[in-house]
Amino acid sequence: EPEVTQTPSHQVTQMGQEVILRCVPISNHLYFYWYRQILGQKVEFLVSFYNNEISEKSEIFDDQFSVERPDGSNFTLKIRSTKLEDSAMYFCASGTTNTGELFFGEGSRLTVL
Amino acid sequence: TQLLEQSPQFLSIQEGENLTVYCNSSSVFSSLQWYRQEPGEGPVLLVTVVTGGEVKKLKRLTFQFGDARKDSSLHITAAQPGDTGLYLCAGAGTNFGNEKLTFGTGTRLTIIP
């Protein structure tokens, strides 16, 4: 069964460092998303991406965040200068136009020290 | 801002009992999904409901979308220990197929053998 894969599964970084989280969405999907979940809190929307551009972003997704799909396969989330409050589980998701259903990866746990 | 409130937040019942989890909002959603999330993993899609009043069954799980498409319920019949987990509802907005999901607060279900 096709699945969304994410790497790394866990990353520990120092405050102020750049982090890139990688995702390989399901191959025939057209819509791509990043969500995050701070420990013990709700899953929160960060950004949606379609047709090689951002279609919507939340207030969380400030200038320190960026996304790209450099090779038509990988979908990356970059945090330029990490803050302590960026520590969270980051989930990539992909979907099609037909149902609005999203399929999530297993997540990348980011710990900022 | 769209909000989804789930109740109860925690539920612990004996194996074999029935239970209902609720997901309520003041906003109208074009579709509503139910996910199940295990610790340290991404949400896994269980079902999507689209039409007001729609009922879907997945083995012992019955999902219903409210007539006004603002709320939903998940009913589990004869709960099993394998049903233990975090159940999340998530609503999609009006831009069907390219819309962020708003996640509920979650119901953590524990089935006691």
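To find a chain, count down the sequence lines: A is the first, B the second, and so on, and within it residues start at 1. Computed from a predicted structure; not experimentally measured.
The cluster map of Ile, Leu, Val, Met, Phe, Trp and Tyr, joined by side-chain heavy atoms under 4.5 Å apart, puts L46(A) and I54(A) in the same cluster. In the hydrophobic clustering of ILVMFWY residues, with side-chain heavy atoms under 4.5 Å counting as a link, I60(A) and M15(A) come out together. No chain of hydrophobic side-chain contacts below 4.5 Å, direct or via other Ile, Leu, Val, Met, Phe, Trp or Tyr residues, connects V44(B) to M89(A).
Within 6.0 Å of the NZ atom in K57(A), the count of heavy atoms belonging to other residues, nucleotides or ligands does not exceed 12. Atom CD of E85(A) has more than 12 heavy atoms from other residues, nucleotides or ligands within 6.0 Å. Residue E59(A) qualifies as open at atom CD: its count of foreign heavy atoms under 6.0 Å is 12 or below. Within a 6.0 Å sphere centred on CG of L113(A), other residues, nucleotides and ligands contribute more than 12 heavy atoms. Within a 6.0 Å sphere centred on NZ of K83(A), other residues, nucleotides and ligands contribute more than 12 heavy atoms. Other residues, nucleotides and ligands place no more than 12 heavy atoms under 6.0 Å from the CG atom of D63(A).
In terms of heavy-atom proximity, L45(B) sits nearest to L102(A) at CB-O, 4.2 Å. When all heavy atoms of G42(B) and F91(A) are compared, the closest pair comes out as CA-CE2, 3.2 Å.
Proximity to chain A at a heavy-atom threshold of 4.5 Å picks out F103(B), G104(B), T105(B) from residues 102-113 of chain B, in numerical order.
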Determine whether F104(A) and E41(B) satisfy the following criterion, side-chain contact (heavy atoms from CB on, under 4.5 Å), listing intermediate values before the conclusion. CA-CA 9 Å; F104(A) 285 80; E41(B) 297 182 9; over 6 Å; no
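By number of non-hydrogen pairs under 4.5 angstrom with chain B, the leading residue of R109(A), Q41(A), Q37(A) is Q37(A).
Residue contact with chain A, scored on non-hydrogen atoms closer than 4.5 Å, involves the side chain of Q37(B) exclusively.
Between the CG atom in L101(B) and the OH atom in Y33(A) there is a gap of 7.0 Å [rounded to 0.5 Å]. Once rounded to the nearest 0.5 Å, the distance linking NZ of K42(A) with CG of L4(B) reads 7.5 Å.
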